[in-house]
Structures are given as structure tokens and as C-alpha cells.
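Everything numeric here is computed off the predicted structure, so don't read it as measured data. Computed over heavy atoms, backbone and side chain alike; hydrogens, waters and symmetry mates excluded. Below, chains carry the letters A, B, ... as their sequence lines are ordered, and counting in each starts from 1.
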2 protein chains.
Amino acid sequence: MKRLSLKDVAKLAGVAPSTVSFVLNGKAKQMRISDELADKIRAIVRKSGYQPHQVAVNLRTGQSKILGLIVESISGSFFASLAGTIESEAEKYGYRIVYCSTENDAKKGAELINMLSRQQVDGYLITPVAGMEQDIQQLMEYNKPIVLMDSYFPGLPAPHVLIDSYGSVAKGMEHLIKKGHKHIGLVTVDMDMVQIKERTKAYVDTLKEHGIPQRKKYQLKLPYNLDKEAAITAITQYLEVNPKLDAIFFTTNYLGIRGLETFVKLGLNLPKDLAMVCFDDHDLFRLYPPGITVIEQPVEEIAKTAIRMLMQQLNQVKGGAKKWQVALPGKFIVRGSS
Amino acid sequence: MKRLSLKDVAKLAGVAPSTVSFVLNGKAKQMRISDELADKIRAIVRKSGYQPHQVAVNLRTGQSKILGLIVESISGSFFASLAGTIESEAEKYGYRIVYCSTENDAKKGAELINMLSRQQVDGYLITPVAGMEQDIQQLMEYNKPIVLMDSYFPGLPAPHVLIDSYGSVAKGMEHLIKKGHKHIGLVTVDMDMVQIKERTKAYVDTLKEHGIPQRKKYQLKLPYNLDKEAAITAITQYLEVNPKLDAIFFTTNYLGIRGLETFVKLGLNLPKDLAMVCFDDHDLFRLYPPGITVIEQPVEEIAKTAIRMLMQQLNQVKGGAKKWQVALPGKFIVRGSS
DNA sequence: CTGAAAGCGCTTACAG
DNA sequence: CTGAAAGCGCTTACAG
């Protein structure tokens, strides 16, 4: 059962392949093909179950109608939800998404860009990791449509959309300070990316503004790929070294989960023994008694904005004021942990 | 900055396009091209940054080296982790994955198969939902390589790999019965698929084997797309109607999460007020005190087996005994909830 | 050893 | 109104 080609359909209809092509692509009117003929051809197409060979169409038109989406981690809840929303947004413009993840490895990121460009994707959506700056710059030099999400490179004028990390963390810190906490720790990830640095900066600045003394040892920076046990051990030691801590701010949700696991293990009670605020929400934070106070990321807005930015570059959407650098506010959700 | 074609590279090297093609495809020896020439060509290719136009290659060879993966839900943790493992397994054989989700909608599933076949994917990996039987049968009639995961259609001899639902649930039920529970409820999803029916059957059979009386009202079947509030309301009512329940078996992890939320809301204590076992693990179940007893799915094994089955169909892997219907054991993990 | 040519399945100027 | 022809960028039998 071989699949039909345009030529086969044309033979079935007794016309030239070009005629079928015109009808199928809505150019019947323009090519002044009679309505009867057009209808007849459409009927035959329907009955025969003909499907255009997309690869051939891509080759001929130079458009794949595919967007490449590169996220940091396929299994992270933020990225999974982002990918889902991106997919349905792209669909509205007739684009499909090819989805892959770097696992925070710039080398893998470079390979993925390479692979996507060989596949002739029409545009790129990327949550960048440290070390990808060169590759992204090259993409821009080739005039490839591109949007960064979740982070960006300060030296590189690439369109990007992300949460306002600084403002969100500042709000969380204000909240903790207002509650009377004086010894607030920060648990973050050792990653040289702007959104992480902004979170740390907001922590430091907010304490300073309120005249609360900083202690270097109140900041814990964990390597990115630390396994679960090692993370729990590190957080446990951190708590031992800093017995006066009365609150901790976690800069990512997987760190928050590790923190929670540690507290459970040590039998610490939230918020009695320790208050907690986490950047980025998670199922667990909604459910775990007494509920963890978080900054929720505007995933839907990020996805919509990113797709809109990309469509503008692909000339699928006209005008409006073009804003290429967007920071969206997070939603501060107070729960029982703080 | 236009990208280079084979022809451009050939011109640069002063040879025919075919010669470059042979060298690039490792057929230099076979075509008796001198080592010097081959090296010179490779050097030029490297320096020029030439990348083959994958779309053209696909069209010419009829192979896309792309596999279509259709899962039930992009954001479900089981499916996300399955997709991740599938991706890295496929990579080993030089295949990429295009990823999409049905959201349990057969119509969307049919569209996705359509879209994937227009994209000329070389094979299909599908977690089927009710109503997709026809479409999958058609794929088989066209001799398309295909593997089903997580479920299958009893009437359709498609290769498939999934967890042994019956055996896993039976083990969980035995455990509850051994612990002395006499009023065990079942919360399941109203879905007409074999893996769900097997889970219910195992529940019913195990009770029967142990001479424990069945009560129809101990079984709660919730619609698939019930929102969170409605699910909690339904489970709350179910508990009110059945005050004697001393244990509940949940047949999917999202149902288990809803159950847990309900218990939290009602202030019920696990396992004192109620014991709980859930099919399919989740972060929350590891963490939530006292820990939820679960049946963990062998995700990695499922992914590996599925890819192996597909590669056999694509003749990328030879022989070995071909087993096309595989049910893998789940891992029963006892935690504090039972 | 190497090159000219056909063809994968489309789309689209161009000629009638 | 309709059809023959070129060409997207490759691969691969075929002829030298």
C-alpha cells in the first residue's frame, strides 16, 4: 500500500499535477480554475486519502513550519508546563514544536541547535544555559528568528521574556522581614546565569535596605547536578553551621524540594522552627502542610509572549510596538510556611 | 549569509557534488576515492561549516530518522519521565524524537498521527487512548513500525510494552489485606482501556480470593478530565457514604494526589484513619509524611524495550527472539501510609 | 578513480 | 483556464 503522490491524484482526476496543487493550496480562484473542476479534484483528494508529502513541501518552499524548543530539562515541572503551553500557542499559528533538552550542558545545547538547524526549523525558542552564548549569537548572525526564555545573556541583544526575578525575590524577602525574621538564609544553585544572579542580588539588597546584617555563611550555593543525598547532606550541614537561621529563601523549586526533604528528615516544623519561601511553585508546595509560600512563574504569559515575539520575526504577526526584552511580574502566594 | 549546499562545497574543492557526497557518507573507500582527495574534501567541509540539508536528505532517502512519540499528557510525571528516557534511548540509534500529546482525546490523537505521517516519521511510539484503535490499525496496515506503551487494544496485535497492572495491583491488595484491612475502597478513572480494567479486575479478584465481601459502592470511578475541586468533592462524598472504609487503593498517581488533598482537607491521618496505596509513584508520595505506599512503574525498562522493538521493525537491530507483547513487573514500595 | 544525470514529491513562474 | 518544465538539495546507479 504505497502512499499516493500529487501525480497519482492528478492522473486519477485527469489533470496536470500543477492543477491539483493549485486547488489544494487555495489558488484555484487565482489561477482561474473552474469551480466544477476544483470541486471534482477536492472530492477525489478526499476519497483517495491523499496527504501531501510534507518533506517535499518543506524542501520546495523552504519553510518547515516547525519551531525548535530547547529547554533546560525535560522533566522539570516549570519547563514541562512551559513546553505544553508553547505547543498549544504555536499550534494557533500553524506551527509545530520539536522539543529537546540540554540538561544544563552547553555542549549538548550546541549539538541540539545544530540538529535543529539541519532539520531546517523556522525558529528557535531557547532557555539558555551558561556557555551557549556563542551559539546563540551565531544564530542571530544568520538572522534566524529566535527568542530566549527564562534567562538571557546581558551582552547579547537577543529577544527574551522571563519572570522579573529581582522584583519577585525582593517581594518575598520583604515579606519575611516584615514577619520579623532576622536571620534569613539563601539556598541557591551555582550557575552563572543572570536570572540566578538577580535572585541573589535581590536577597542581598533587600537585607541591606532594611539594615539587616549580611553573613556570607548564610548563603549556600549548591552545584547544579548534585544528587539528592548529597543535597540533603549539604543542607543539613548548612543548618548545623547556622543554628540561628529563622528563615530560608530557596531560589528554585527543586532546591526547595530538597530543603523540604531535609526538614522532614530532621523533624523540623514549618513555620515554627523555620520559615520558608521558594521561587517557582510546585504541586508539593501547595499540598505539603502547612503549604509553602512561593513565587509563581507566569508560565502562560511567558509562553504567549515568546510565541508572539517569534511570529513577529517570522512576519506572521504585524506590528504593534515591538518589545524585545520583557520581564513579567511573578505572583507571590503566601501559604503557611512563612 | 546563505548556507552552503553540496554543490558549493564541490565547487570549492574542484570536484563533482557526488564525490563530496560519497566522502561525507563514508563511501570514499567503496568508491575508490583517493585518501588525499577525501581528506582534502573533509578539510574543506570542516572549514566551510557545511551542514547537509536534512530535509533534502530525507526526501531523497525516504528516511527521516525521526520517531513520533504520542503520549497521553505532556505534563503527567509518568509520561514526562517516559519521554525523557525514550529520547535518550532513541539517540543511541541515531533517531530523534518528535513529541506530542493527546490529552486523552482520540480525535486529537488521530490528527497527531496524521501530522506525524505527513512529516514522514520512520516509526511511532504511542500511549493509546480509547478511540484510537482504528487509526493504529491503519498504521499497521500501511506496515508502519509502531510500538504501543502503557496500554494496548486486546483485539489488535500491535507490539506493546507496559507494566503488569494486574499483578502489581494484586500485590498491593494482598499487602492491605495482610495488614488486616477489611473495607478496602478503589478509586479509579472512568476510562475504557485495558490497563485500567486490569487494575479494577485485580482489586475485585484479590478480594474474592480472600473471601472478603465486595461492595459496589466501595468503587469510585471518576471522569478523566474532572477538575481538582470536583475531584475533591467527589472523594469527600465517597468517604461520607462509606464511613467504614479503612483503606483505599488509587489506580493512578493523579487520583492519588487528589485523594491526598482530600485527606489533608478533612484532617484525616494516614495510616491511622485510613490506609492508602497508589499505582505509580510521584515526588509527593515519597515526601508526604508518612510516605505513600506505591507501585513504581519500570519507566526505564519500558522505554528501552519500546525502542528495541521499534528498532527491530526498522531493521536496525537484528534478531534475538522477538517478543512483541511484554508486561514488566512493577516495584512495590512500602511506605508509611499502609 | 571521477562526473553527468536521474529522481525523491512538491510549487510556481511561464507559455500556451 | 490548463499543462510542461524547472528547481529545492540531496543520493546513487551508471557510464566513462
Side-chain angles (χ1 to χ4, degrees), chain A residues 1-42 44-45 48-66 115 117-122, chain B residues 2-42 44-45 48-66 94 115 117-122:
Chain A
M1 193 71 135
K2 187 80 180 56
R3 53 182 294 145
L4 293 172
S5 72
L6 229 211
K7 229 163 105 186
D8 299 327
V9 176
K11 207 170 292 169
L12 247 42
V15 299
S18 46
T19 310
V20 180
S21 173
F22 290 136
V23 171
L24 255 33
N25 291 306
K27 301 195 173 164
K29 278 274 168 329
Q30 194 179 326
M31 290 292 136
R32 291 189 285 180
I33 291 164
S34 70
D35 283 357
E36 301 102 284
L37 220 207
D39 284 344
K40 182 186 156 198
I41 289 175
R42 273 188 282 265
I44 288 173
V45 166
S48 67
Y50 166 72
Q51 296 273 0
H53 192 296
Q54 202 58 43
V55 172
V57 174
N58 296 355
L59 178 60
R60 180 56 227 237
T61 62
Q63 281 216 336
S64 62
K65 288 285 179 179
I66 296 179
M115 178 213 53
S117 87
R118 273 202 310 269
Q119 297 293 331
Q120 318 297 125
V121 299
D122 291 341
Chain B
K2 187 80 179 57
R3 55 181 294 145
L4 295 172
S5 72
L6 229 211
K7 227 162 110 187
D8 299 326
V9 176
K11 207 170 291 169
L12 248 42
V15 299
S18 45
T19 309
V20 180
S21 172
F22 290 136
V23 171
L24 256 32
N25 292 305
K27 300 196 175 167
K29 278 274 168 326
Q30 194 179 326
M31 289 292 136
R32 291 189 286 182
I33 292 165
S34 70
D35 284 357
E36 299 103 287
L37 220 207
D39 283 345
K40 182 186 157 198
I41 290 175
R42 272 188 282 264
I44 290 173
V45 165
S48 67
Y50 167 70
Q51 296 273 0
H53 193 297
Q54 202 58 44
V55 172
V57 174
N58 296 355
L59 178 59
R60 179 55 228 235
T61 62
Q63 280 215 336
S64 61
K65 288 284 178 180
I66 296 178
M115 179 214 48
S117 87
R118 272 201 311 269
Q119 298 293 331
Q120 317 297 126
V121 298
D122 292 340

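- Residue-level contact check: B/S21 touches the bases, meaning some heavy atom is under 4.0 Å from a base atom.
- OP1 or OP2 of D/dT11 has at least one side-chain nitrogen or oxygen of B/N25 nearer than 4.0 Å.
- No side-chain N or O of B/N58 forms a donor-acceptor pair with one of B/S64 less than 3.5 Å apart.
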Writing each nucleotide of DNA chain D 5' to 3' as (, ), [, ], | or . by Watson-Crick or G-U pairing under 3.5 Å yields |||.||||||||.|||
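- One interatomic measurement links the two molecules: NE2 of B/H53 to P of D/dG7, which rounds to 17 Å at whole-angstrom precision.
- Toward the 5' end of DNA chain D, the nearer of the two residues A/L59 and A/F22, judged by each one's closest nucleotide, is A/F22.
- Heavy atoms of B/V55 sit nowhere under 4.0 angstrom from any nucleic acid atom.
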Evaluate the side-chain contact (heavy atoms from CB on, under 4.5 Å) criterion for residues B/I33 and B/T19: first the C-alpha distance (whole Å), next the side-chain angles of each, then the deciding distance (0.1 Å), finally the verdict.
CA-CA 8 Å; B/I33 292 165; B/T19 309; 3.9 Å; yes
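- Atom CD in B/Q51 sits roughly 11 Å away from atom P in D/dC10 (whole-Å rounding).
- Between the P atom of C/dT2 and the NZ atom of B/K29 lies a distance of 13 Å, rounded to the nearest Å.
- An OP1 or OP2 oxygen of C/dC10 is reached within less than 4.0 angstrom by a side-chain nitrogen or oxygen of A/Y50.
- For B/L4 and D/dC8, the CG to C1' distance is 16 Å, given to the nearest whole Å.
- Rounded to the nearest 0.5 Å, atoms OG (A/S34) and NZ (A/K40) are 9.5 Å apart.
- Counting to the nearest Å, the C1' atom of C/dC10 and the CD atom of A/Q63 are 15 Å from each other.
- A/S18 contributes a side-chain N or O that forms a donor-acceptor pair with the base of D/dA4 under 3.5 Å.
- Comparing C/dC8, C/dT12, C/dT2 against the side chain of B/R60 picks out C/dC8 as the nearest.
- A close approach under 4.0 Å does occur between a side-chain nitrogen or oxygen of B/K27 and OP1 or OP2 of D/dT12.
- Rounded to whole angstrom, the span from the CG atom of A/L24 across to the P atom of D/dT2 amounts to 16 Å.
- Along DNA chain C, the nucleotide nearest to B/T19 and the one nearest to A/P52 differ in position, and the one closer to the 5' end is contacted by B/T19.
- Under 4.0 Å is where a charged nitrogen must lie from a carboxylate oxygen, and between A/R42 and A/D39 at least one such pair does.
- A/D122 places a side-chain N or O within 3.5 Å of a backbone atom of A/K65 that can act as its donor or acceptor partner.
- Across the protein-nucleic acid pair, B/N58 atom CG and D/dG9 atom C1' stand 11 Å apart, rounded to whole Å.
- Distance CG (B/L6) to C1' (D/dT11): 9 Å, rounded to an integer number of Å.
- Contact detail for A/I41 and A/A13: the closest heavy-atom pair is CG1-CB, 4.3 Å.
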Set out, in order, the CA-CA distance, both residues' side-chain angles and the distance that settles side-chain contact (heavy atoms from CB on, under 4.5 Å) for A/N25 and A/S21, then state yes or no.
CA-CA 6 Å; A/N25 291 306; A/S21 173; 3.3 Å; yes
Assess whether side-chain contact (heavy atoms from CB on, under 4.5 Å) is satisfied between A/Y50 and A/D8, documenting all intermediate values.
CA-CA 9 Å; A/Y50 166 72; A/D8 299 327; over 6 Å; no
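- Between C/dC1, C/dG9, D/dT2, one nucleotide has an atom nearer to the side chain of A/I33 than all others, and that is D/dT2.
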